[in-house]
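Heads up, the thing below is written out as structure tokens.
Computed from heavy atoms alone, side chains included, the values below leave out hydrogens, waters and symmetry copies. The first residue in the sequence is number 1, and the count goes up from there.
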Amino acid sequence: MGKTAANGAPDPQEAEKGSAARTLGAAHGARTRTDSCGIYSWHKDDGQKVNLIFTNDEKVAIKDFRSEVRAAMDVSHFIKEAQLLLDVDETSVEGVLDRMLSALLDQEPLATIEEAKATLFVKDSVTQLARTIQGMCPSPDRDANDYDQSWVATMCQLPTLQSRHVAVARLKHPANFGRTAKYVKLFVLIVVPSREKGTKNALETARTFATIVADMELRQRLLDVHDQEEFMQLVVSHTEALAADPAEPPHIEPEPLEDEKLCSFGVGVVSDLRRRAGFYLQDYIDGIVGNKSLQKTISTTFFLYFACILPSIAFGVLNDHNTDGKIDVKKVIIGQAAGGLFFFVFGGQPLMVLLTTAPLAIYIKSEWTKALYTR
């Protein structure tokens with residue numbers, strides 16, 4: 001049944017929608033159906049079903065924790081009862097939500113996981129979330145917006161819930177959750193009863209926690225914590241700082257290293273190596289563990305091999321000619337391999353691409369010519 005106006009006559013807007021749908025379906029020689037969620041669909045002559053999905057991106061303001069007192073109250077209340085799932089192995093949005101909903105709805109006898117998923121996902125889809133909040137900023141060219149794809153918050157309202165619930169999942173491996181969330185590491189889920197008033201609805205609750213997760217420095221620290229207690233303490237302390245002075249984001253100065261107190265020479269290199277020391281093993285594990293990780297590693301290895309070997313041969317022949325055979329192709333390849341191994345061990349990351357370049361070949365030629373004239 002379509003909507004009707006106050007006088008009992010059919011709503012003109014609904015009639016126009018129905019007419020447009022019928023016209024569109026007739027143009028394709030097929031049956032037409034108008035869904036209640038705003039999705040128009042029809043069947044082609046060959047039996048294939050076509051859907052039109054309506055999406056609406058809307059900007060929402062960041063929470064002001066000083067003026068909106070309930071925001072800080074929600075965080076202090078929910079973070080202690082929130083379901084915190086650290087280092088989740090699942091890489092699909094449905095798998096992560098199944099774990100989060102199982103933990104959240106354990107004390108809600110009337111609510112079911114299937115009911116929640118039917119609201120969280122776009123109708124007839126288990127890969128696209130219906131309502132999400134993400135960080136966004138204008139791109140440098142001002143023609144588009146750049147999404148912060150490392151986190152996403154999603155929400156839903158269920159009539160069978162008794163109270164609001166919050167769950168936060170930290171994924172062990174970055175996951176692809178959709179068009180604007182292809183590298184998700186933190187995932188926030190908000191489920192709220194349908195009867196909650198405006199200040200406690202799903203959007204306001206999600207906006208509260210999204211404001212906290214949107215801080216890049218805090219988010220990085222949350223990714224590094226080892227237990228749930230430390231996770232909760234970081235969120236609470238960040239909330240207190242926002243409530244004290246929201247105009248100036250909290251900044252925690254790192255404790256100076258012992259080397260910084262003694263001398264300043266080489267402190268940056270030492271600091272880099274110390275910060276990276278805990279991730280060296282994980283760098284190699286990430287290359288072989290995960291969805292298609294081994295396949296990507298092998299394909300990248302072959303690509304970089306040919307990308308590096310061809311310039312080495314070309315400039316090796318040039319160096320061989322310029323130095324009368326003292327620096328040939330074999331020595332160029334050996335030197336490049338030795339330099340690459342040194343850099344990848346002490347450079348703080350396993351992927352270091354070293355190439356012999358034209359300026360280096362010119363420099364070798366000039367130095368060789370200078371050495372000949374000074375003999």
Side-chain angles (χ1 to χ4, degrees), residues 60-88 96 100 103-104 132-137 148-155 163-172 174 181 183-192 199-258 260-261 271-272 274-279 282:
V60 294
I62 292 179
K63 278 278 179 120
D64 186 346
F65 279 74
R66 170 174 287 184
S67 61
E68 302 182 59
V69 182
R70 178 165 293 281
M73 293 173 56
D74 282 346
V75 173
S76 61
H77 172 71
F78 284 113
I79 198 62
K80 298 177 181 179
E81 300 180 359
Q83 295 295 331
L84 303 178
L85 307 178
L86 303 184
D87 299 328
V88 177
V96 175
M100 299 174 76
L104 281 183
T132 61
I133 294 182
Q134 284 182 264
M136 184 191 69
C137 62
D148 188 344
Q149 306 199 25
S150 63
W151 68 275
V152 63
T154 187
M155 71 210 82
S163 59
R164 293 183 292 171
H165 298 279
V166 176
V168 181
R170 187 182 69 183
L171 307 187
K172 190 173 184 180
Y183 197 82
V184 175
K185 288 283 289 182
L186 280 177
F187 187 39
V188 182
L189 171 63
I190 311 292
V191 289
V192 177
T199 56
K200 297 182 180 180
N201 61 20
L203 177 59
E204 291 302 314
T205 307
R207 193 160 66 95
T208 298
F209 285 89
T211 300
I212 296 174
V213 181
D215 185 272
M216 183 174 60
E217 183 178 349
L218 173 70
R219 194 165 62 250
Q220 184 59 48
R221 298 185 67 192
L222 292 177
L223 294 175
D224 296 335
V225 299
H226 301 289
D227 53 50
Q228 296 183 0
E229 185 66 27
E230 187 178 358
F231 193 101
M232 289 188 294
Q233 290 178 356
L234 282 176
V235 174
V236 172
S237 60
H238 184 78
T239 303
E240 293 174 351
L242 287 177
D245 188 3
E248 183 175 343
H251 178 74
I252 302 175
E253 291 291 340
E255 185 176 349
L257 301 173
E258 292 296 329
E260 295 179 353
K261 302 174 182 179
S271 300
D272 288 342
R274 285 187 176 181
R275 282 193 295 266
R276 289 295 304 167
F279 300 96
Q282 189 63 38

> Hey, does I212 have a side-chain heavy atom less than 4.5 Å from the side chain of H238?
Replying inline: yes
> S237 side chain to L234 main-chain N or O, any donor-acceptor pair under 3.5 Å?
Replying inline: yes
>> Between Q228 and L84 (side chain of the first, backbone of the second, donor and acceptor by atom type, cut-off under 3.5 Å), is there such a pair?
In response: yes
> Which residues pass the salt bridge (Lys or Arg N to Asp or Glu O under 4.0 Å) test with R170, sequence neighbours left out?
Replying inline: D87
>> I133 and side chain to side chain contact (heavy atoms under 4.5 Å, CB included): which single residue from V188, L203, V152 fits?
In response: L203
> Is the number of heavy atoms from other residues, nucleotides or ligands under 6.0 Å of M136 CE greater than 12?
Replying inline: yes
>> Using a 3.5 Å distance criterion without hydrogens, assess whether the side chain of R164 forms a donor-acceptor pair with backbone atoms of V192.
In response: no
> For D224, what residues pass the salt bridge (Lys or Arg N to Asp or Glu O under 4.0 Å) criterion, not counting sequence neighbours?
Replying inline: none
>> For Q134, give me all partners under side-chain hydrogen bond (donor to acceptor under 3.5 Å, both in side chains), at least two apart in sequence or on another chain.
In response: T180
>> T239: which residues meet the side-chain hydrogen bond (donor to acceptor under 3.5 Å, both in side chains) condition with it, sequence neighbours left out?
In response: none
> Can you name the ring pair (Phe, Tyr, Trp, His ring centres under 6.0 Å) partners of F187, sequence neighbours left out?
Replying inline: F177
>> Test your reading of the model: is there a side-chain donor-acceptor pair from K185 to the backbone of L171, 3.5 Å cut-off?
In response: yes
>> Taking the side chain as everything from C-beta on, heavy atoms only, tell me whether V236 gets closer than 4.5 Å to Q233.
In response: no
>> My understanding is that only residues two or more places apart in sequence, or in another chain, count here; which of them pass side-chain hydrogen bond (donor to acceptor under 3.5 Å, both in side chains) with T154?
In response: none
> Can you name the nearest heavy-atom pair linking A167 to M100, along with the distance?
Replying inline: O-CE, 3.4 Å
>> Are L222 and V168 packed together at the side-chain level, in the sense that at least one heavy-atom pair is separated by less than 4.5 angstrom?
In response: no
